[in-house]
Amino acid sequence: MHSMPSRRLYWMFLCILIIRQPLLPQQAKIIKAIGRIAVIDAGISAGIRVGNYFTVYRHVGARWKPFTYVQVTKSSPRLARVELVPVAPKINLQTGDRVLPAKLSKKTRESLSRMNQPELLVPKRNSSTGIKGVYLGPSTGLFMPLGEMEDVFETTYSYGGVLGLQFRPDLDVNARFLYTVHGDEWSLWNIQLLGRRYAQDGFMFDLGYGILYPQIWEGGYISLGFCGGLGYTFPIAYNTWFEFGVLYSYYPHFIRNTAQFITMELRLIL
């Protein structure tokens with residue numbers, strides 16, 4: 001039989017566990033989301049109260065990444081309603097996102113606006129550099145002439161590469177080159193300088209200038225133009241990405257006419 005002191009120690013230890021349980025760090029999951037409002041699977045019984053702030057995490061590239069903040073606006077014993085904080089990054093919440101208590105010195109909107117915001121949910125390159133990232137890689141795709149350009153040029157494969165500098169998590173500048181050839185009839189070089197804006201869920205938008213240098217038989221011509229397009233990027237390994245993009249180019253002074261073409265590219269980003 002257990003002695004009286006042993007029983008007392010047992011019950012004291014059990015009480016300590018019961019008392020400490022609500023104070024343990026709580027992780028909850030979003031079980032329903034509509035835009036910037038969501039419901040999490042924990043509530044008052046887990047120590048969650050109206051006014052609490054949480055950091056929202058999403059599983060991207062084999063790890064959980066923080067990307068925005070929410071505040072509890074309604075709480076029941078087992079569920080709680082959360083809303084995106086006005087000063088936080090405006091990214092829609094999704095079912096399956098996880099939340100953890102935000103580390104704030106004061107639970108006020110003012111203190112939240114002064115703290116460092118988490119990274120946006122966009123591809124982030126080499127974080128060891130002074131800027132947000134440097135990336136490069138090869139590309140391949142299709143060159144498709146439009147309008148008057150179809151009289152001389154034909155749809156064919158293209159090859160090239162990209163070199164980019166990511167100054168902010170949602171903005172970078174990149175230079176691309178493209179080369180395509182059709183037998184002995186013509187060849188074409190195209191160099192583009194583009195600004196890129198990242199949107200949610202891997203989508204991106206490109207806008208910039210281009211230099212077009214085609215060679216037709218023995219003659220070569222240089223033209224300046226504009227280009228813009230969109231694409232989608234997705235990770236395949238650590239610091240390695242695939243991009244699929246479509247770019248429309250317009251050159252107003254191409255020989256004696258205008259030049260328009262579309263390029264569809266698949267890029268490997270390293």
Roughly how far, to the nearest 0.5 Å, is the [atom2] atom of [Y] from the [atom1] atom of [X]?
X: Leu230; Y: Asp206; atom1: CG; atom2: CG; answer: 8.0 Å
X: Ile269; Y: Leu136; atom1: CD1; atom2: CG; answer: 8.0 Å
X: His59; Y: Asp97; atom1: NE2; atom2: CG; answer: 11.5 Å
X: Leu270; Y: Leu268; atom1: CG; atom2: CG; answer: 4.5 Å
X: Lys29; Y: Arg98; atom1: NZ; atom2: CZ; answer: 5.5 Å
X: Ser223; Y: Tyr250; atom1: OG; atom2: OH; answer: 11.5 Å

Taking [X] for its side chain and [Y] for its backbone only, find out whether a donor-acceptor pair lies under 3.5 Å.
X: Thr180; Y: Phe143; answer: no
X: Ser75; Y: Ile48; answer: yes
X: Arg78; Y: Asp41; answer: no

>> Using side chain to side chain contact (heavy atoms under 4.5 Å, CB included), reason through Thr156 and Leu142 one step at a time and then give a plain yes or no.
In response: CA-CA 6 Å; Thr156 185; Leu142 286 177; over 6 Å; no

Examine [X] and [Y] and state if one hydrophobic cluster contains both, with Ile, Leu, Val, Met, Phe, Trp and Tyr joined whenever side-chain heavy atoms are less than 4.5 Å apart.
X: Leu163; Y: Leu194; value: no
X: Leu146; Y: Met264; value: yes
X: Phe205; Y: Leu247; value: no

>> If the condition is ring-ring contact (aromatic ring centres under 6.0 Å, His included), which residues does Phe226 pass it with, not counting sequence neighbours?
In response: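 Phe226 satisfies ring-ring contact (aromatic ring centres under 6.0 Å, His included) with Tyr209 once adjacent residues are dropped.
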
> In the hydrophobic clustering that connects Ile, Leu, Val, Met, Phe, Trp and Tyr at side-chain heavy-atom distances below 4.5 Å, which members other than Ile34 occupy its cluster, ordered by chain and number?
Replying inline: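 Members other than Ile34 - counting any ILVMFWY side chain reachable under 4.5 Å - there are none.
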
> Hydrophobic cluster mates of Leu207, side-chain heavy atoms under 4.5 angstrom, ILVMFWY only, any path?
Replying inline: none

How close do [X] and [Y] get, heavy atom to heavy atom, and via which atoms?
X: Ala28; Y: Ala42; answer: CB-CB, 3.9 Å
X: Phe67; Y: Asn92; answer: CE1-O, 4.3 Å
X: Ser139; Y: Arg267; answer: CB-CG, 3.6 Å
X: Ala33; Y: Leu93; answer: CB-O, 3.5 Å
X: Pro145; Y: Phe153; answer: CG-O, 3.6 Å
X: Ile91; Y: Arg58; answer: CG2-NH1, 4.4 Å

> Stepwise, does the side chain to side chain contact (heavy atoms under 4.5 Å, CB included) test hold for Ile31 with Leu79?
Replying inline: CA-CA 10 Å; Ile31 58 175; Leu79 301 173; 3.8 Å; yes

>> Let's go through Tyr232 and Phe244 carefully: what are the C-alpha distance in whole Å and the side-chain angles of both, what is the deciding distance for ring-ring contact (aromatic ring centres under 6.0 Å, His included) to 0.1 Å, and is it a yes or a no?
In response: CA-CA 5 Å; Tyr232 181 78; Phe244 175 76; 9.3 Å; no

>> Before you tell me yes or no, could you show the steps for Trp186 and Val181 under side chain to side chain contact (heavy atoms under 4.5 Å, CB included), namely the whole-Å CA-CA distance, both residues' side-chain angles and the distance that decides it to 0.1 Å?
In response: CA-CA 6 Å; Trp186 57 265; Val181 62; 5.9 Å; no

Under a 4.5 Å cut-off applied to non-hydrogen side-chain atoms, are [X] and [Y] in contact?
X: Pro138; Y: Tyr159; answer: no
X: Ile30; Y: Val39; answer: no
X: Phe261; Y: Thr263; answer: yes
X: Thr55; Y: Tyr57; answer: yes
X: Thr233; Y: Phe203; answer: no
X: Ile211; Y: Leu224; answer: yes
X: Val173; Y: Arg196; answer: no
X: Asn257; Y: Asp151; answer: no

> Side chains of Gln260 and Tyr251: is there a donor and an acceptor less than 3.5 Å apart?
Replying inline: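 No, no side-chain donor-acceptor pair sits under 3.5 Å.
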
> Is a side-chain donor-acceptor pair under 3.5 Å present for Asn190 with Tyr179?
Replying inline: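 Checked: Tyr179/Asn190 side chains show no N/O donor-acceptor pair below 3.5 Å.
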
> Who are the side-chain hydrogen bond (donor to acceptor under 3.5 Å, both in side chains) partners of His253, not counting sequence neighbours?
Replying inline: none

>> Just to verify, what does Asn174 make a side-chain hydrogen bond (donor to acceptor under 3.5 Å, both in side chains) with, not counting sequence neighbours?
In response: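 Here the qualifying residues are Arg176.
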
> With Glu83, which residues qualify under side chain to side chain contact (heavy atoms under 4.5 Å, CB included), at least two apart?
Replying inline: Ile37, Thr73, Arg81

> What's the verdict on side chain to side chain contact (heavy atoms under 4.5 Å, CB included) for Glu265 and Leu178, showing C-alpha distance, side-chain angles and the deciding distance?
Replying inline: CA-CA 10 Å; Glu265 293 183 339; Leu178 174 149; 3.4 Å; yes

